[in-house]
Amino acid sequence: MDGVLFDIDDTLVDLEGAMGHTLQAIPDPHLNHLSDDDWALYKALYTTDPQRHYDRFLAGDVTFEEQRVHRVRHARAAFTPEPFVGHLAEAWVRAYEQTLPLHFRAYDDVEPLLDELDARGIPYGAVSNNVHDYQRAKLDRAGLQRIATLVGIDTVGVAKPDPAIYHEGARLLGTAPARTLYVGDNRLVDAVGARSAGLVGVWLDRAGTGRGSGTDGGSAADAGDAQEVPRIAGLEPVLQFLPSVR
């Protein structure tokens, strides 16, 4: 491989952790009764987005802000009958947007891998299913300013798994798609999608469960695809796909 592209959320940046900390930091009197187990379920309902409202955002059906409101409304409904509308929803969105960036952190294995890529002269970048400027700010907040190449959904007007968004990342790296590695936490959108676009897709399964994340339910029907993309539990194994010297 001549270059490496990464997904950002839950691949380079611990977005799930940041969302969990943010949800618990925002005051909500209707959730004061939640136990630790309840909080864990509440956060899971929001972060896993079982109703796929983020997919609706990618499809242009709702705004980025609206998908957040729909997700938290669904999570709250499991614990309180109080409606989540009007000023309550508006205040929550403002508090969430202000608080979330405070918790952006890179995973511990990111910087060591980027150090090694730099040492070997391997170019790298990120391709994300969010808009460029928002993800640029996220990378910077997480201390990943050195990731200069970044492609968002507004860069080429499409989202993963459309081949054009992966190809734009490879073009910016100056590498041929067939010799470009793509690493991401969503098996279907990242690994299988990149492979279908002619890149070498690698599925980052940090939880080690063998089940996909995001829009990938990890169903038995997809077992064939799961066997056709490499699966790694952390970023260090990325080095096995790369030449040791340049």
Side-chain angles (χ1 to χ4, degrees), residues 7-32 34 38-106 126-142 144 147 150-162 165 184-186 188-190 213-217:
D7 172 54
I8 295 177
D9 296 331
D10 296 316
T11 297
L12 299 176
V13 176
D14 183 5
L15 180 61
E16 182 175 347
M19 290 192 295
H21 289 304
T22 299
L23 290 172
Q24 206 151 4
I26 299 175
D28 189 333
H30 302 298
L31 300 179
N32 287 341
L34 266 59
D38 289 338
W39 271 112
L41 177 57
Y42 172 68
K43 289 186 285 188
L45 287 172
Y46 182 85
T47 59
T48 59
D49 188 19
Q51 295 184 325
R52 299 187 175 183
H53 292 295
Y54 194 81
D55 287 350
R56 296 179 59 205
F57 159 67
L58 292 177
D61 296 333
V62 296
T63 67
F64 189 59
E65 186 175 282
E66 287 170 343
Q67 62 87 22
R68 281 179 170 167
V69 171
H70 287 306
R71 289 167 66 173
V72 75
R73 182 178 291 138
H74 172 69
R76 289 177 87 259
F79 302 100
T80 175
E82 294 297 324
F84 188 72
V85 294
H87 295 304
L88 177 62
E90 293 173 4
W92 182 91
V93 167
R94 289 195 300 270
Y96 187 93
E97 187 61 39
Q98 293 169 358
T99 307
L100 183 65
L102 304 178
H103 298 286
F104 289 150
R105 300 288 185 275
V127 174
S128 173
N129 265 4
N130 206 329
V131 294
H132 176 280
D133 289 354
Y134 186 84
Q135 294 300 75
R136 178 73 269 162
K138 181 183 293 178
L139 288 174
D140 293 349
R141 186 81 191 199
L144 299 176
I147 299 179
L150 171 59
V151 178
I153 57 176
D154 52 339
T155 305
V156 289
V158 296
K160 296 180 292 186
D162 190 295
I165 195 167
D185 70 298
N186 188 304
L188 291 181
V189 173
D190 292 323
S213 62
T215 58
D216 175 15

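Keep in mind that the numbers below use all heavy atoms, side chains included, and drop hydrogens, waters and symmetry copies. Just so it is clear, the model here is predicted, and its values are computed rather than measured.
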Only counting residues at least two apart or in another chain, list the ones meeting side-chain hydrogen bond (donor to acceptor under 3.5 Å, both in side chains) with [X].
X     : value
His74 : Gln51
Arg56 : His53
Gln24 : Lys43

Provide the closest heavy-atom pair for [X] versus [Y] in the form atom of the first, atom of the second, distance.
X      : Y      : result
Phe84  : Val72  : CE2-CG1, 3.1 Å
Ile165 : Gly152 : CD1-O, 3.9 Å
Phe79  : Leu34  : CB-CD1, 3.9 Å

Once salt bridge (charged side-chain N to carboxylate O under 4.0 Å, His left out) is applied, what residue pairs with a partner in [range] remain, sequence neighbours excluded?
range            : value
residues 22-32   : Asp28-Arg76
residues 8-21    : Asp9-Lys138
residues 151-162 : Asp7-Lys160, Lys160-Asp190

| Between Ile153 and Val158, is a side-chain contact (heavy atoms from CB on, under 4.5 Å) present by the stated rule, with each step listed? | CA-CA 5 Å; Ile153 57 176; Val158 296; over 6 Å; no
For residues 59-69, please give each side-chain donor-acceptor pair under 3.5 Å, one per line with the distance, not counting sequence neighbours.
from: Thr63; atom 1: OG1; to: Glu66; atom 2: N; distance (Å): 3.0
from: Thr63; atom 1: OG1; to: Glu66; atom 2: OE1; distance (Å): 3.4
from: Glu66; atom 1: OE1; to: Thr63; atom 2: N; distance (Å): 2.8
from: Gln67; atom 1: OE1; to: Arg71; atom 2: NH1; distance (Å): 3.1
from: Gln67; atom 1: NE2; to: Phe64; atom 2: O; distance (Å): 3.1
from: Arg68; atom 1: NH1; to: Glu97; atom 2: OE1; distance (Å): 2.3
from: Arg68; atom 1: NH2; to: Tyr134; atom 2: OH; distance (Å): 2.8

First locate atom [atom1] of [X], then atom [atom2] of [Y], and finally report the distance between them rounded to the nearest 0.5 Å.
X      : Y      : atom1 : atom2 : value
Thr155 : Gln135 : OG1   : CD    : 10.5 Å
Thr11  : Asn186 : OG1   : CG    : 9.0 Å
Ile8   : Leu150 : CD1   : CG    : 5.0 Å
Asp55  : Asp49  : CG    : CG    : 7.0 Å
Leu12  : Leu139 : CG    : CG    : 7.0 Å
Tyr42  : Leu23  : OH    : CG    : 5.0 Å

| request: Quick one: do Tyr54 and Asn130 satisfy side-chain contact (heavy atoms from CB on, under 4.5 Å)? Show the steps, please. | output: CA-CA 10 Å; Tyr54 194 81; Asn130 206 329; 3.4 Å; yes
| field | ring-ring contact (aromatic ring centres under 6.0 Å, His included) against His30, all qualifying residues, sequence neighbours excluded | value |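 Not a single residue meets the ring-ring contact (aromatic ring centres under 6.0 Å, His included) criterion with His30.
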| request: Taking the side chain as every heavy atom from C-beta outward, state whether His21 and Leu102 have any pair of such atoms under 4.5 Å apart. | output: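 SC-SC contact between His21 and Leu102 ruled out.
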| Side-chain heavy atoms of Asp140 within contact of Phe104, under 4.5 Å |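 Not touching, per the 4.5 Å side-chain cut-off.
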Please tabulate, for side-chain N and O atoms in residues 85-92, each donor-acceptor pair with protein atoms closer than 3.5 Å (sequence neighbours left out).
none

| query | Who are the side chain to side chain contact (heavy atoms under 4.5 Å, CB included) partners of Thr22, not counting sequence neighbours? | reply | Ile26, Tyr96, Thr99, Leu100, His103
| task | With sequence neighbours excluded, tell me which residues meet salt bridge (charged side-chain N to carboxylate O under 4.0 Å, His left out) with Asp133. | result | none
| query | Quick one: salt bridge (charged side-chain N to carboxylate O under 4.0 Å, His left out) partners of Arg73, sequence neighbours excluded? | reply |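 By the salt bridge (charged side-chain N to carboxylate O under 4.0 Å, His left out) rule, Arg73 matches no residue at all.
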